[in-house]
2 protein chains.
Amino acid sequence: MNSHELFHTLHQLSRHFTNHLNEALKPFGLYSAQWAVLFVLKTKGTLSQKELCDYLFVEAPPMTRTIQRLVKQGYVRQVPGKDKREKRIILTEEALLQYPKWERAVNEANRYLLEHLPETSQKELLTLQKSWLQKLL
Amino acid sequence: MNSHELFHTLHQLSRHFTNHLNEALKPFGLYSAQWAVLFVLKTKGTLSQKELCDYLFVEAPPMTRTIQRLVKQGYVRQVPGKDKREKRIILTEEALLQYPKWERAVNEANRYLLEHLPETSQKELLTLQKSWLQKLL
DNA sequence: AGATAATAGTTACCTAGGTAACTATAATAG
DNA sequence: CTATTATAGTTACCTAGGTAACTATTATCT
């Protein structure tokens, strides 16, 4: 089994997707990492930065930066929690207003990337990836 | 089909592997991007920077940086080609000497990451990934 | 041959994400 | 209650990789 090739192709796929997603988000002044945060907030509701980190498996420093950019763009607010150390992140009205447009662009990008991969392969891949990740964590 | 989840897990796997590989290479003062270059040079022989870029699907600027670090560490030399624009990249004696140690560390890291993924799953994943990549390029 | 276009590589600057060191607050042990 | 420890977040700095703009060389077109 050629493990180098397995890791290499996975890495390339990942980069390719990120680039494509960034391209799709460009018209809205957003980047992939920001979209990940917006998506989670829209899906799961308000979360603290720590919870966002845990959910996205990202360290705290990059999350701070991503959120600070979203704050600057007016898509997110940082509200002190009951525990004064934590900051709860809330989508703004503006973000909720723009979200459907962003989502359409992202879905279109994903559709393009998955276009030639049969539905059965997609499901197989997802299953394999999930079980692999689970075993690693 | 949840495309978000498919891309998200793939992205996380990729980050996880890179982190693990960097950890394994740390004792040797090397990073994953450098290892990728060293591996290709050892496997395919001397290449120009452009050929390295094409093979690794990386843009020229990051390749320049990675190679400059390898030059500084004495693991690679840049030799002007017949075409005076291009630079051919050659592994040094020192790199050839150290290579087996690096390879052992990388193989051990890969072995660990693949440990709980059955051989059949590995092959399936590789097949799916390769066919997906091919359709995208 | 000479002007123009294409190519290899570099530099500057951007986002993504990692660690180490730090601050402020909360939780806990004595 | 106080001292210590743990936690949330930030800052500084590192590598990885992307685009845009640039230089030097080669290829091409008239």
Output a table of nitrogen or oxygen pairs between the protein and nucleotides 24-26 of chain D separated by less than 3.5 Å.
{"unit_1": "D:dT25", "atom_1": "O2", "unit_2": "B:Arg85", "atom_2": "NH1", "d": "3.3"}
{"unit_1": "D:dT26", "atom_1": "OP1", "unit_2": "B:Lys84", "atom_2": "N", "d": "2.9"}
{"unit_1": "D:dT26", "atom_1": "O4'", "unit_2": "B:Arg85", "atom_2": "NE", "d": "3.4"}

Nucleotides 18-21 of chain C: which of its N/O atoms have a protein N/O under 3.5 Å away?
{"unit_1": "C:dG18", "atom_1": "OP1", "unit_2": "B:Arg15", "atom_2": "NE", "d": "3.0"}
{"unit_1": "C:dG18", "atom_1": "OP1", "unit_2": "B:Arg15", "atom_2": "NH2", "d": "2.9"}
{"unit_1": "C:dG18", "atom_1": "OP2", "unit_2": "A:Glu59", "atom_2": "N", "d": "3.1"}
{"unit_1": "C:dG18", "atom_1": "O6", "unit_2": "A:Arg65", "atom_2": "NH1", "d": "3.3"}

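Close to C:dT10, at under 4.0 Å from its OP1 or OP2, lies a side-chain N or O of B:Gln78. A sub-4.0 Å separation between OP1 or OP2 of D:dG9 and a side-chain N or O of A:Thr64 is absent. Note on B:His11: every side-chain N or O is 4.0 Å or more away from OP1 and OP2 of C:dA16.
Distance B:Tyr31 OH to C:dG17 C1': 13 Å, rounded to the nearest Å. Taking atom CE on B:Met63 and atom P on D:dG17, their separation rounds to 8 Å, with Å as the unit. When rounded to the nearest whole Å, the span between CD of B:Gln68 and P of D:dG17 equals 15 Å. Atom pair B:Lys87:NZ and C:dT10:C1' shows a separation of 8 Å (rounding to whole Å applied). Atoms CG (A:Leu30) and C1' (C:dC14) sit 15 Å apart, rounded to a whole Å. Across the protein-nucleic acid pair, B:Ile67 atom CD1 and C:dT10 atom P stand 7 Å apart, rounded to whole Å. In this structure, the CD atom of A:Gln49 is 13 Å from the C1' atom of D:dT7, given to the nearest Å. One can place CD of B:Glu86 at 15 Å from C1' of D:dA27, the figure rounded to the nearest angstrom.
Under the Watson-Crick or G-U wobble criterion, with both distances below 3.5 Å, D:dT11 is paired with C:dA20.
Hydrophobic side-chain contacts under 4.5 Å tie B:Ile90 into a cluster, directly or through other members, with B:Val79. Chaining together hydrophobic side chains whose heavy atoms lie under 4.5 Å apart leaves A:Tyr31 on its own.
Judged by closest nucleotide on DNA chain C, B:Ser48 is the one of B:Ser48 and A:Ala33 placed further toward the 5' end.
Using a 4.0 Å heavy-atom criterion, one finds that A:Thr18 contacts no nucleic acid atom at all.
Atom CD of A:Gln78 and atom CG of A:Leu70 lie 9.5 Å apart (nearest 0.5 Å).
Of the listed nucleotides (D:dT11, C:dT11, C:dA16), C:dA16 has the atom at the smallest distance from the side chain of A:Thr66.
For A:Glu94 and A:Gln73, the side-chain atoms include no donor-acceptor pair closer than 3.5 Å. Judged by distance alone, the side chains of B:His16 and B:Gln12 never bring a donor and an acceptor atom under 3.5 Å apart.
Judged by distance alone, with hydrogens and angles left aside, the side-chain atoms of A:Ser14 form no donor-acceptor pair with the main-chain N or O of A:Leu10 at under 3.5 Å. Between the side chain of B:Trp132 and the main chain of A:Gln122, no donor-acceptor pair closer than 3.5 Å is present.
With sequence neighbours excluded, the residues that form a salt bridge (charged side-chain N to carboxylate O under 4.0 Å, His left out) with B:Glu86 are B:Arg88.
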Next on the checklist: Applying ring pair (Phe, Tyr, Trp, His ring centres under 6.0 Å) to B:His4 and A:Phe39, what does each step give before you reach the verdict?
Outcome noted: CA-CA 9 Å; B:His4 291 297; A:Phe39 176 77; 4.2 Å; yes
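For the side-chain hydrogen bond (donor to acceptor under 3.5 Å, both in side chains) condition, the pairs that include at least one residue of residues 35-48 of chain B, sequence neighbours left out, are B:Ser48-B:Glu51.
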